[in-house]
Amino acid sequence: MKLFKHKNVQQLASLLFGAVAILLFFSTQAFAASQAHIDSGDTAWMIVATALVMLMTPAGLALFYGGMSRSKNMLNTITMSFVAYCLASIIWILWGYSLAFGPDLSGIIGSSSNFFMNGIGVKSVSGTIPTYVFVMFQMTFAAITIALVSGSIVGRMRFSSWILFSVLWLTFIYSPIAHWVWGGGWLSKLGVLDFAGGTVVHINAGVTGLIIALFLGKRKGYGKIAMMPSSITLTALGAVLLWFGWFGFNAGSELAADGLSGSAFLVTNTAAATAGLVWMLIEQIRSGKPTLLGLSSGAVAGLVAITPAAGFVNPMGSIVIGTGAGIIGYLGVTLVKNKFGYDDSLDAFGVHGLCGIWGALATGLLADPAVGGAAGLFYGNPKQLLIQFIAVIAVITFDVIMTIIIIKIVSLFGSIRVAPADETEGLDSTIHGERAFEI
Amino acid sequence: MKLFKHKNVQQLASLLFGAVAILLFFSTQAFAASQAHIDSGDTAWMIVATALVMLMTPAGLALFYGGMSRSKNMLNTITMSFVAYCLASIIWILWGYSLAFGPDLSGIIGSSSNFFMNGIGVKSVSGTIPTYVFVMFQMTFAAITIALVSGSIVGRMRFSSWILFSVLWLTFIYSPIAHWVWGGGWLSKLGVLDFAGGTVVHINAGVTGLIIALFLGKRKGYGKIAMMPSSITLTALGAVLLWFGWFGFNAGSELAADGLSGSAFLVTNTAAATAGLVWMLIEQIRSGKPTLLGLSSGAVAGLVAITPAAGFVNPMGSIVIGTGAGIIGYLGVTLVKNKFGYDDSLDAFGVHGLCGIWGALATGLLADPAVGGAAGLFYGNPKQLLIQFIAVIAVITFDVIMTIIIIKIVSLFGSIRVAPADETEGLDSTIHGERAFEI
Amino acid sequence: MKLFKHKNVQQLASLLFGAVAILLFFSTQAFAASQAHIDSGDTAWMIVATALVMLMTPAGLALFYGGMSRSKNMLNTITMSFVAYCLASIIWILWGYSLAFGPDLSGIIGSSSNFFMNGIGVKSVSGTIPTYVFVMFQMTFAAITIALVSGSIVGRMRFSSWILFSVLWLTFIYSPIAHWVWGGGWLSKLGVLDFAGGTVVHINAGVTGLIIALFLGKRKGYGKIAMMPSSITLTALGAVLLWFGWFGFNAGSELAADGLSGSAFLVTNTAAATAGLVWMLIEQIRSGKPTLLGLSSGAVAGLVAITPAAGFVNPMGSIVIGTGAGIIGYLGVTLVKNKFGYDDSLDAFGVHGLCGIWGALATGLLADPAVGGAAGLFYGNPKQLLIQFIAVIAVITFDVIMTIIIIKIVSLFGSIRVAPADETEGLDSTIHGERAFEI
Amino acid sequence: MKKIEAIIKPFKLDDVKDGLRGLGVSGMTVSEVKGYGRQKGHTEIYRGAEYSIDFIPKVKLEVVVKDEDVEKIVETILENAQTGKIGDGKIFITSLDSTIRIRTKETGNEAI
Amino acid sequence: MKKIEAIIKPFKLDDVKDGLRGLGVSGMTVSEVKGYGRQKGHTEIYRGAEYSIDFIPKVKLEVVVKDEDVEKIVETILENAQTGKIGDGKIFITSLDSTIRIRTKETGNEAI
Amino acid sequence: MKKIEAIIKPFKLDDVKDGLRGLGVSGMTVSEVKGYGRQKGHTEIYRGAEYSIDFIPKVKLEVVVKDEDVEKIVETILENAQTGKIGDGKIFITSLDSTIRIRTKETGNEAI
Ligand SMILES: Nc1ncnc2c1ncn2[C@@H]1O[C@H](COP(=O)(O)OP(=O)(O)O)[C@@H](O)[C@H]1O
Ligand SMILES: Nc1ncnc2c1ncn2[C@@H]1O[C@H](COP(=O)(O)OP(=O)(O)O)[C@@H](O)[C@H]1O
Ligand SMILES: Nc1ncnc2c1ncn2[C@@H]1O[C@H](COP(=O)(O)OP(=O)(O)O)[C@@H](O)[C@H]1O
């Protein structure tokens, strides 16, 4: 992973900052509030959907990951998600939203028009909902995406490095990609289908997770000592809260309470249930022990895979997607990880990366025009699969390059890995000075 | 419980399958999508209500039951609810919904018209909401009903038997009963009042639980060794999540966001609070120790009892129902259970069965025409009580017979009880190979 | 604290009861149902908002407080919140709602017109939502307010005293103050800005907490022995559930799903995130250990402070409020508490009292007329700050006096503090006969 | 005075306790331990990672008894703790110099 | 060298520790145990099922000391652990063959 | 027969176990304890309240061995448990009167 020497890093960094600075301050045109009308039903739904997605990060993911990490690192794991949510909350309204959803600059990034919520007020409307609600909804997506990354690197990353990494990542990776796909950028012009974030959220988080896990190296004793999950009960609760929140994530991505959001709602649930059962069935077959961790992991894998497809596939399509997700997720965390030997600790790549790719491509296969208007390969439109493929490749490439750059920048401020003794003692005590349970 | 010899069972089974097969494939007429209009407010509410009910099963009930079971069986208990939710999710869209809500066949079951969601699309409307949302809403009811059953039999049932049992039960018991009461079947024609599932959900689950508990026998050491709940904290959290979800359950059963759903919302809360306090008060009087488990159990008992009545009684009526539920639930888990000596481990029958009966009858007493249009005995309509009584008896009878048949069928595939040594060691380790906490 | 001798107490009590009795039964005019129309979107939102606020008390606060209390008192701490919710549920529909929102009597209290929900029916409308929903929404505020108080006094109060105290407090303190500010009482006529309860909820709870903590005295061994929180994990989960519920609390206080509720939603989130980060940053600076408890506490402090301001300030204002809340909350629980030496155990005063005051005054500073129509000092309206100040003083004064009176009354029924031996053994075992975890 | 220390299978504790109580043993102290021995631990698989658990939960029972009671107490423990399957555990016996009851400051056999 | 083992009430641990620290005792080891004795356990009722809890939480304190210090240490433990109520616990004293400090490999009195 | 009791740092347990297993030690019993010693505990701050944690988590290892094996076993423990930093722990050795294997009622060296 030593691709860059320090002076290179510095050059790259200045280049990067320069480029973004130019992009950012290029445009200052005022935001023209849409003349549309607020629908109270859609608004009701979208506020709630947003609250549901919010719950996913500091509660759902925090418990899902926290329960899987060792008890000496449980609080650190939770804190990484929690602090990521807080950082995203602020970054988003200061500059992230504008970079992602501000007026398009050459298909690459949004302009700085809406920095500091400039030009947006109580009366601003997006579609049929208040713009502020749209801003919050999109913020919760940014928050969970960076939080997902933390799964790859639990138990060994410096907390201050994580914070700096999160800030840079949200700014220089998440915001542009969100712009490409949802903010009127080049991928959206190309016609990519990503209903709720297969590329923007899951592939993005998974690939970054893998890169940073490779860079950080394995946890001490990885593969040799037993690294028992601190609480499968809390992991399962976390998975259910994720599932619950995902209804807001996927059905909310319709931005209205209508037939399509109802459809996205149903297929989301079906894919999750299918993948959970499939994962558990594979366990039953392979080891005779169907686990709750497997059921939970499978459900999450299914949710990941259906995310890009939620507004495009019919219920039977969602069963196919869920089945694939159960299989791919299972292989991702066992075969693939063991074969390549990296320590993607809680499988951000194995589950989110791989199932995100599967979901993005499956959308290109299974999109049913009777659902969302767009057709996939099986409905006679092979071109869609190609577009999906391009999007996947583009996001992965951008992710790999930019993540390496950001890691290099963060590393300028000191090692991003904690001291070995601290790792052995556990991060809860050495970083936070706290313990998870005293019972 | 040895009512049936093996060959009898086989005869019965073929009869049963035959009968159902005939019913199922009788009708294949196409589903005519209603011409009604989608209301965004109602849709917003119903998506959320459904998500709330979803939360009840793999989170609310899983923790409520999981916390009450011994720590060696905690994960198994949680998994039973979780897997039940997944199974119901799939069965429902494949055939369950159609059996329950498809075009009526002689008042007994729905036709197969909507198997595999056939005839239902993004634009289908039920009342003022998308049909897909209605399907999901009803699915969550099926899911929690079978999950409730698991409370009677924690700590000793084979996991594969539980899965098979769940599949059969949802198909051959839940779907028909849902059809009778809500799908245009004979009880609905008779005029039974069951707003959100006193008969369909609670009596149904409770009676099945009792039968299967009797069949399985008591846990080893029952009554002799201390069977300490693994976590009252998590049980209380589970109870609150149930309560929270129940707002979707009861107020959602109005299928719209209007005055009546507001009323159902209020009485649901009142009955729960009342029953919780009453149960705790009885404990205070009887043993001087008002427990959090009692408060939680009472709240659940109150929620059960108000379920059928939620759209029919006024706030003062809900206090009466809650008071009754606190008393009946308390007696159910102490006096009744001890007297008859069965091991209804977490009281699916004691709480859901008995309070479900109380609620169903109380609806016949207290239904206030100013609320939902229907009058009970106290408002001059004694006939309603009779109808309620008939419904209760019908559901119990059907349940007892069908549950015994299904148990017999499941038993054909091997003992439905785990080996004694596995029971002693605990099911988390022997079935799932996991532990709940490592802290 | 020995301000009153017993006979004085009795005199005061009779005076108090007499006065209230007169107020209560003065008016019996019928409630005229508003002719307004129910909006399904607003209703959908408000039912959900209410459910969210409900979740805050027996789940969010219960875990937040329960996790911070010692493991021997965890269940007692949870039970205090849970039982408070149940009591409020019933008191509110019997008399609390009417005292707070019934027809105004001289600006001081509501009349008894709506005792027992008299005059309110399924068709009653408040604004654009069913009155029953409004009643429930307001009830959840009463519930959490009394539950917040319990944070000051964990680990040493008699359970029966807590119940009696809660009943009296809701009746004689909460209901009048709610009337003053929201029910058309004198403070509302004066033009106080309190969008969602800075005075009514947080100052009110915090001041009462302080008084009762002073009255009860410190926990045994306070300052000498280590009082380890039982579970930071559960505290963090509780904080997130509070945050999640607070969206209903603040955005729901608009009573509609519109632009202003969207704005309140966004600023609520921003203030919470800011305060969480600020609190943690101070910890980092002062001790080098940024804690999850600090992050969680900060988030709650931010939520408290933004509560009165949620419908009046813009996003940048919310960052200011959040920053202040992080600092003030941190100082409240460290400097202030240590300096004065009282044992406000879980900081109901330090966080809710002080940040409530900050929020109430900050509303008078930062209210932006472009948001909610009202201007604060920074927008050229110094008078608003004065009004806010008056409201703060009025609530504090009323609280101090009335809390002392109520404590005196409750004390007539025996010591409100548990026996020393019970305190040492722990309240879970001595009061409830249960244990939180058996794992 | 002797201290009898028995490492037994956790689910046998109740039987052993009842057996000893039947003998009139008035006190004992119990703790949770983990044992490594001929009885092999098991393997747990979490998300594809396989961990072998070498240590098996056991219960350690400590009873201090008069010299003359040692034999019958050991007998009773053996009786009640045996399953005949590997992992039943051990009994270790040591001599004590002295014993004191904290409440009364009694020493020796009175203190047991 | 002697090993003093004291079974005490958990909430007395801090007092005992402070007492011993006052004496200059430089080390001790503590574990959570459950005791059965004259002090009767209590009954817990969960949803109508009554379970009698025979074992009461206790703390076991182990201190290894020089022979000459035994007396005053026992004295201090007695002083600080006594409540006078049943269940105060016991002190057991055994002889050690040897003691080693792992860090330095010192043995005997140096190792304590 | 001797009982070797070692108080060690928790993260050293796996090394020690592997070392002993290498020697052919067929059984041992482990428990979680908390130690007070030269190694100072730390301070935890919860919401401004500062608590000093005197007791540090340690692991207690008990191995019963034949007299002749004591030396090499102690050696192995020392080797594997040493970090050289304060708090490495102690080894205490006591004599046992007798040992019994519950499963077979074997006694003495056969029982180990
Ligand atoms: N040499 C020993 N020293 C200390 N404890 C031992 C020793 N050998 C066995 N044990 C304890 O006894 C338990 C049972 O021993 P094991 O060898 O598994 O079965 P068995 O005693 O039936 O042969 C172990 O789990 C361990 O706790
Ligand atoms: N014979 C014994 N062997 C081992 N431990 C004992 C024995 N007798 C008592 N204990 C321990 O001492 C504790 C206190 O003993 P108990 O009989 O309850 O009170 P007291 O010592 O005040 O008479 C018990 O809980 C148990 O842990
Ligand atoms: N006198 C003693 N009696 C019992 N246990 C002791 C004694 N001294 C030390 N210990 C145990 O050994 C551990 C390590 O001792 P410590 O003094 O911290 O370090 P070191 O042994 O390296 O000098 C302590 O935490 C405690 O558990």
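This is a predicted model, so every value here is computed, not measured. FYI, side chains are in, hydrogens and waters are out, and symmetry mates aren't considered; it's all heavy atoms of this structure.
Using a 4.5 Å cut-off between heavy atoms, E/Thr107 makes no contact with chain F at all. Both the backbone and the side chain of F/Ile86 come within less than 4.5 Å of a heavy atom in chain E. Contact annotation for E/Glu106: neither backbone nor side-chain heavy atoms come within less than 4.5 Å of a heavy atom of chain F. Looking at F/Lys85, only its backbone comes within 4.5 Å of chain E, counting heavy atoms on both sides. Heavy-atom distances place the backbone of F/Glu32, and not its side chain, under 4.5 Å from chain E. Proximity to chain F (any heavy atom under 4.5 Å) is restricted, for E/Val25, to the backbone atoms N, CA, C and O. Using a 4.5 Å cut-off between heavy atoms, F/Glu75 contacts chain E through its side chain alone, with no backbone atom that close.
To the nearest 0.5 angstrom, F/Lys58 atom NZ is 14.5 Å from E/Ser31 atom OG.
Looking at heavy atoms from C-beta onward, E/Lys3 lies out of side-chain contact with F/Thr94 at the 4.5 angstrom threshold. Counting only heavy atoms from C-beta outward, the side chains of F/Phe55 and E/Val30 approach each other to under 4.5 Å. Contact of the E/Ile102 side chain with the F/Ile91 side chain is registered, since non-hydrogen atoms from C-beta on lie closer than 4.5 Å. Residues F/Phe92 and E/Met1 form no side-chain contact, since every pair of their non-hydrogen atoms from C-beta on lies 4.5 Å or further apart.
The environment of CD in E/Glu68 is crowded: more than 12 heavy-atom neighbours from other residues, nucleotides or ligands sit within 6.0 Å. For F/Lys34, the NZ atom is loosely surrounded, since the number of other residues' heavy atoms within 6.0 Å does not exceed 12. A 6.0 Å sphere centred on NZ of E/Lys2 holds more than 12 heavy atoms belonging to other residues, nucleotides or ligands.
Between the side chain of F/Lys90 and the backbone N or O of E/Thr99 there is no donor-acceptor pair closer than 3.5 Å.
Checked against E/Ile100 for a side chain to side chain contact (heavy atoms under 4.5 Å, CB included), the options F/Leu78, F/Ile4, F/Ile77 give a single hit: F/Leu78.
Contact check on F/Asp88 versus E/Arg101 returns no salt bridge, with no Lys/Arg side-chain nitrogen under 4.0 Å from an Asp/Glu carboxylate oxygen.
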